[in-house]
There are 2 protein chains.
Amino acid sequence: MSKLLDVEDVSASACCAPLSGPVMGEEEAAELAKVFKALADPVRLRLVNLIASGPGGEVCVCDLTGAFELTAPTISHHLKVLRQAGLIEGERRGTWVYYRVIPEALTRLSGLFALPALTSA
Amino acid sequence: MSKLLDVEDVSASACCAPLSGPVMGEEEAAELAKVFKALADPVRLRLVNLIASGPGGEVCVCDLTGAFELTAPTISHHLKVLRQAGLIEGERRGTWVYYRVIPEALTRLSGLFALPALTSA
DNA sequence: TCCGTGTATAGATAGATGTCAAATTAGATG
DNA sequence: CATCTAATTTGACATCTATCTATACACGGA
């Protein structure tokens, strides 16, 4: 079994209603918090940005390690955190591993911050 | 000078272009990370949710402390973190303090997760 | 099959963070 | 002014996290 695909997909059940919506439960808040924890790091934010803006929507890990003054294991750790948050997914093709963002995850988050009545005053 | 208004407004300069957009700089990533750090806690997420969904878009701190099994200083600490991230603002009216979300902050975050071309394939 | 290279995991450590108890500030009221 | 309540600040402590080095795994090529 490829360890690259170990996704606990924390984001699956969390979130969908906007923050301005009905009161969320403790469990939902806990799962959502894991997703934001994954984004709460400058390196990981830049990783998501690099991956999302990469050619074809994907980027090789070998290109990511060079973009930071960090060791490969550290980058690998950050990628794992993002993966377990359900934000990205990785695929091995031969020697290299490529990462993509999971569009649904971003869309879900976008909806979270939607506001109810900006049209009315 | 009211200490309630000490907002370092970290979110002001950070973000606007979507994550899928052009590559962000280290500085921008660092400031954005502070905002997500503020959201990366179940209690703070529920606080934002409660405040945003409160009547008139605002909630008294006295109503927030009762909603958690945490001491008042802890709630106050979390509110401060959210305030310094530019996500909420507080106002004292007589004996009580009321908090509101800052709509622009949420809107900005919503745009961050926008995807480029979901219409095409 | 044996190296060489690209990624990931394990273990260790310094620094950040959530929580509480105690003390402080701000406003209302007698 | 004295005092009560609401909210914040301060200081301490246990836990979590970002990073490193060292090691292990996966694949391709000789």
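Bear in mind the structure is a predicted one, so any value in this text is a computation, not a measurement.
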Review point. Hey, is the main chain of B:Leu70 close enough, under 3.5 Å, to the side chain of B:Thr74 for a donor-acceptor pair?
Key: no
Exercise for review: Round to the nearest Å and state the distance from B:Leu79 atom CG to D:dA7 atom C1'.
Suggested key: 10 Å
Exercise for review: For DNA chain D, determine which residues of residues 48-64 of chain B have any heavy atom closer than 4.0 angstrom to one of its atoms, and list them numerically.
Suggested key: B:Cys60, B:Val61, B:Cys62
Review point. Within this structure, what is the CD-to-P distance between B:Glu91 and C:dA26, rounded to whole angstrom?
Key: 17 Å
Check your understanding: Just by distance, do the side chain of B:Arg44 and the backbone of B:His78 share a donor-acceptor pair under 3.5 Å?
Key -> no
**Study point:** For atom CD1 of B:Ile75 and atom C1' of C:dT19, their distance in whole Å
**Key:** 11 Å
Review point. Can a donor-acceptor pair be found between the side chains of A:Arg92 and A:Tyr98 at a distance below 3.5 Å?
Key: no
Review point. Is any side-chain heavy atom of B:Leu109 closer than 4.5 Å to a side-chain heavy atom of A:Leu109?
Key: no
Study note, to complete from the structure: Between CZ of A:Arg92 and C1' of C:dT9 the distance, given in whole Å, is 13 Å
**Study point:** Connected via hydrophobic side-chain network under 4.5 Å: B:Leu19 and A:Ile75
**Key:** yes
**Study point:** Candidate nucleotides C:dT9, C:dA28, D:dT8, ranked by approach to the side chain of B:Val97 - the nearest
**Key:** D:dT8
Practice item. Please state whether the phosphate of C:dT7, meaning OP1 or OP2, lies under 4.0 angstrom from any side-chain nitrogen or oxygen of A:Ser76. Key: no
Exercise for review: Rounded off to whole Å, could you give me the CH2-to-C1' distance for the A:Trp96 and D:dG28 pair?
Suggested key: 9 Å
Study note, to complete from the structure: So the disulfide bond (SG atoms under 2.5 Å apart) pairs with at least one residue in residues 17-53 of chain A (sequence neighbours excluded) are none
Review point. Quick one: on DNA chain D, does B:Pro73 or B:Thr95 contact a more 5' nucleotide (nearest heavy atom)?
Key: B:Thr95
Exercise for review: Using a cut-off of strictly less than 4.0 Å, decide whether A:Tyr98 has a side-chain nitrogen or oxygen near OP1 or OP2 of C:dG6.
Suggested key: no
Practice item. Figure out the NZ/C1' separation between A:Lys80 and D:dC25, and round it to whole Å. Key: 13 Å
Distances under 3.5 Å only, N/O to N/O: pair up the protein atoms with those of nucleotides 11-18 of chain C.
unit_1, atom_1, unit_2, atom_2, d
C:dG18, OP1, B:Arg44, NH1, 3.3
C:dG18, OP1, B:Arg44, NH2, 2.8
C:dG18, OP2, B:Arg44, NH1, 3.4

Review point. B:Glu69 CD to C:dT19 P: how many Å, rounded?
Key: 12 Å
Check your understanding: If you look at every strand shown and take non-hydrogen atoms under 4.0 Å, does B:Leu70 touch a base, only sugar-phosphate, or nothing?
Key -> sugar-phosphate
**Study point:** B:Arg46/A:Glu28 salt bridge by N-O under 4.0 Å criterion
**Key:** no
Exercise for review: Using the closest heavy atom to pick a nucleotide of DNA chain C for each, name whichever of B:Thr71 or A:Ala72 lands nearer the 5' end.
Suggested key: A:Ala72
**Study point:** Polar side chain donor-acceptor pair, B:Ser110 to B:Thr107, under 3.5 angstrom
**Key:** no
**Study point:** Distance in angstrom units between B:Arg93 CZ and D:dA7 C1', rounded
**Key:** 15 Å
Review point. Checking A:Thr65 side chain against A:Thr71 main chain: does a donor-acceptor pair fall under 3.5 Å?
Key: no
